[in-house]
Number of protein chains: 4
Amino acid sequence: MSIKRPVKSSVPAETAGRRGRPRSSAARARVLHAARALVEAQGPAAVTIEAVAARAGVSKPTIYRTWPNAPAVVMAALMESAGTPEANTHRGSALAALRRQLREIAATFASRTGRSVTQMIASADADTELSKAFRHHFILARREEGRRMLAAAVANGELRREVDLDVTLDLLYGPIFFRILVGHAPADERFCDRLLDQLVKGVAAPKAKR
Amino acid sequence: MSIKRPVKSSVPAETAGRRGRPRSSAARARVLHAARALVEAQGPAAVTIEAVAARAGVSKPTIYRTWPNAPAVVMAALMESAGTPEANTHRGSALAALRRQLREIAATFASRTGRSVTQMIASADADTELSKAFRHHFILARREEGRRMLAAAVANGELRREVDLDVTLDLLYGPIFFRILVGHAPADERFCDRLLDQLVKGVAAPKAKR
Amino acid sequence: MSIKRPVKSSVPAETAGRRGRPRSSAARARVLHAARALVEAQGPAAVTIEAVAARAGVSKPTIYRTWPNAPAVVMAALMESAGTPEANTHRGSALAALRRQLREIAATFASRTGRSVTQMIASADADTELSKAFRHHFILARREEGRRMLAAAVANGELRREVDLDVTLDLLYGPIFFRILVGHAPADERFCDRLLDQLVKGVAAPKAKR
Amino acid sequence: MSIKRPVKSSVPAETAGRRGRPRSSAARARVLHAARALVEAQGPAAVTIEAVAARAGVSKPTIYRTWPNAPAVVMAALMESAGTPEANTHRGSALAALRRQLREIAATFASRTGRSVTQMIASADADTELSKAFRHHFILARREEGRRMLAAAVANGELRREVDLDVTLDLLYGPIFFRILVGHAPADERFCDRLLDQLVKGVAAPKAKR
DNA sequence: CGGTAAACGAGACGGTACGTCGTGTCTTTGA
DNA sequence: TCAAAGACACGACGTACCGTCTCGTTTACCG
């Protein structure tokens with residue numbers, strides 16, 4: 001009988017010489033993997049420290065040593081799972097690139113996990129460092145990318161010079177998250193396209209002075 | 001075992017043929033008042049059934065008899081506290097009325113309680129009757145009012161006929177909620193104004209035909 | 001405060017001068033029947049007022065109008081179900097009659113319901129009128145019948161005159177209930193016979209003067 | 001869900017190879033002390049887990065970790081409080097020792113706590129390990145001690161050889177518990193004495209053949 | 001024979017306790 | 001040294017019954 005004790009870490013490699021620490025990074029990975037699995041399967045509310053610890057084969061204090069509470073674990077898991085979106089290659093006009101980005105965002109956030117990200121942002125403490133990093137990772141980083149595209153479009157002559165970029169950016173991303181959050185209508189490609197077109201063109205009647 | 005429970009509805013509905021002792025409206029009012037006080041003071045997460053029961057001087061089963069869980073109580077409390085916003089009096093142009101509504105919404109949702117409403121919408125079950133009512137009460141009702149104003153503006157000649165109203169509505173309200181949710185910039189009057197102006201005018205450079 | 005409630009009695013007592021609607025004897029019967037069914041099926045602990053009311057198709061206040069609490073209902077049900085044991089016909093000697101009674105008692109109390117009776121007696125309040133009636137109905141009435149038989153046996157010359165009847169009675173019935181209560185050995189016919197024989201004969205060695 | 005729980009035993013069993021933080025013997029002692037105080041003051045029905053937890057300054061889960069329900073706590077408390085009765089020193093005859101034991105039992109069980117023990121035995125589940133241990137601790141252990149005394153008395157020549165010891169034992173202890181349970185007469189020293197004397201001597205009239 | 005008083009069903013009420021779960025902290029033991 | 005196992009105090013969960021209280025409806029009796 002092979003008394004093979006169940007290997008606790010998928011990377012047993014360097015367990016040899018050290019007494020304590022080499023498990024640490026393996027434990028971290030297992031925790032995040034477990035958290036990700038839970039949030040994908042049952043949403044962020046199901047990610048309790050106990051459930052994560054059980055699923056990861058890790059003790060609760062080990063988790064608390066790294067993260068202060070359950071939402072922090074969820075955020076870390078979501079951030080690690082979602083690799084940074086590839087930089088949008090500028091083929092065609094700046095506005096075309098923006099259109100591609102909008103579609104990508106809508107597709108990403110319409111998923112189960114995307115909903116979870118939105119929920120985490122809504123319910124997060126807003127002040128902690130991690131919350132800020134989370135918001136930046138999922139939202140503001142793309143918004144900055146968008147800002148660069150808008151600036152390119154201005155430079156292009158596609159957009160007016162005096163446009164307020166901050167307002168325009170929120171006019172682009174706000175409606176998508178609004179639909180995802182409220183759910184009254186789908187945030188699909190068609191919506192992204194119309195959104196962008198209508199924003200570019202404006203809604204005023206032609207002769208309207210204002 | 002497993003006796004079929006009567007359908008719970010927070011609205012007594014048919015008070016007509018009811019047998020038995022009627023529900024105490026005083027108890028209901030005390031529960032909602034307590035829940036409102038808690039959510040205002042400490043946010044929606046602090047609204048536990050135990051806390052509400054203690055504060056309202058009501059037993060837990062009395063609360064569970066009417067609402068299925070804590071979020072439902074919070075929603076009911078928030079909905080009852082926020083009376084329906086007054087119908088926007090149409091003085092001046094339809095767009096001016098819309099501007100006033102945007103400002104009112106931004107002011108409302110920038111408050112402590114407004115944040116709570118946003119959080120509840122983000123984390124709600126999305127499928128229950130109460131969640132739908134909640135979203136309608138706080139968001140979609142105003143959106144429908146907005147639709148009427150936009151239609152008036154089209155009739156006015158202020159807006160183009162072929163504008164997609166659904167998209168335009170989300171372009172109006174989405175950015176406000178986006179700022180409130182993400183918190184990267186204030187959703188104040190100035191923002192509302194610029195938002196509306198830029199949407200009306202479009203961002204395209206003058207000669208750009210499309 | 002301290003309003004004197006009308007004395008509740010399970011027996012309608014003076015049906016004479018009563019105003020109003022008389023108590024429904026059908027309801028009473030249904031309650032007792034339901035309680036009996038429950039105690040037989042699941043023991044006395046399962047007889048909750050709610051369960052009885054549901055099973056009997058009767059409202060809780062109707063039960064509380066007649067009995068003060070659940071144990072009282074159980075006692076009433078058990079007392080009504082167990083009709084008074086038939087008077088022991090004196091065929092043969094007084095001791096033979098006693099033997100028959102012991103066997104009958106053992107058989108009765110070894111049943112599911114008999115266990116329940118024992119449990120009720122053990123856990124009852126000891127002071128209430130109903131508890132006393134219950135103990136009398138199930139135990140002391142038979143003990144008095146036993147006393148009559150013992151007296152007859154003394155008169156017969158079967159027993160010594162100076163025997164302490166009270167002690168002898170408890171020597172007869174105590175062991176049976178002891179076995180039923182503790183359950184370390186069966187209280188069957190053989191046991192009843194040996195019990196009686198040994199008590200009659202004594203256990204002392206023949207020459208032992210004391 | 002439904003994770004296999006480790007077997008609960010009120011006795012830590014193998015303290016040897018246990019991982020994790022060991023159970024707090026201080027907590028255990030405080031729980032049992034609180035339970036004992038409650039049962040002495042208000043009887044076994046007053047021993048709720050909540051009351052014990054509050055009085056002991058211990059959390060409910062800590063209690064449930066060790067005992068499955070309130071009666072189990074009561075039994076453990078009663079068993080621990082009542083140290084094993086001192087072995088009856090055989091001064092004088094075996095029957096004299098037996099008389100002393102009977103008196104001691106009667107005195108013990110006539111107390112408030114003794115009544116509680118009787119009630120616990122009557123209402124216990126009868127099948128659980130703890131119930132058996134409880135009955136053994138309070139009743140059957142003394143019965144076995146009694147058996148040894150009876151055997152000594154037989155060896156002495158005080159009792160007849162052919163006496164059925166099991167029946168005799170129940171003839172000794174049964175009546176005492178019967179009186180305590182039913183309460184129709186006191187189980188005092190005088191009763192114990194008469195009980196023993198009459199059992200030894202028998203009740204038959206001298207010439208009675210049977 | 002028409003009031004009226006009481007019992008009826010239904011069921012909500014304020015309570016108490018249940019037994020479970022998750023939190024975040026703490027002690028052990030083992031590697 | 002530190003990680004696992006797991007006990008700990010705390011506190012909320014949602015449920016079951018308790019015994020009491022309205023309700024609207026029936027059903028006798030008594031004037």
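All chains are named by letter (A, B, ...) in the order of the sequence lines, taking the proteins before the strands, and each is independently numbered beginning at 1. As the structure is a prediction and not an experimental result, all values here were calculated from the model.
In this structure, L38(D) places its CG atom 11 Å from P of dA17(E), rounding to the nearest Å.
Distance from the side chain of T62(D) is smallest for dA9(F) among the nucleotides dA9(F), dC8(E), dG11(E).
When the side chain to side chain donor-acceptor pair (under 3.5 Å) test is applied to T128(C), the partners found at least two apart in sequence or on another chain are S131(C). Applying the side chain to side chain donor-acceptor pair (under 3.5 Å) criterion to T113(C), with sequence neighbours excluded, gives no partner residue. Annotation: side chain to side chain donor-acceptor pair (under 3.5 Å) contacts of S59(B) (sequence neighbours excluded): T62(B). In this structure R55(B) satisfies the side-chain contact (heavy atoms from CB on, under 4.5 Å) test together with A34(B), A37(B), L38(B), sequence neighbours excluded. Judged as a salt bridge (Lys or Arg N to Asp or Glu O under 4.0 Å), and not counting sequence neighbours, K132(C) has no contacts. With sequence neighbours left out, E40(D) forms a salt bridge (Lys or Arg N to Asp or Glu O under 4.0 Å) with no residue at all. The side chain to side chain donor-acceptor pair (under 3.5 Å) check on Q42(B) picks up nothing, with sequence neighbours excluded. Under the side-chain contact (heavy atoms from CB on, under 4.5 Å) criterion, A41(D) pairs with no residue, sequence neighbours left out.
Sorted by residue number, the members of residues 63-73 of chain A with any non-hydrogen atom under 4.0 Å from DNA chain F read R65(A). Near-neighbour residues of DNA chain E inside residues 53-60 of chain C, defined by a heavy atom below 4.0 Å, number-ordered: G57(C), V58(C), S59(C). For DNA chain E, the neighbouring residues in residues 43-52 of chain D, judged by any heavy atom under 4.0 Å, are T48(D), I49(D), E50(D).
The shortest distance between side-chain heavy atoms of L32(D) and W67(D) falls below 4.5 Å.
Among residue pairs with one or both ends in residues 66-75 of chain C, none qualify as salt bridge (charged side-chain N to carboxylate O under 4.0 Å, His left out); sequence neighbours excluded.
The 5' end of DNA chain F is approached more closely, in terms of each residue's nearest nucleotide, by A27(D) than by the other of P61(C) and A27(D).
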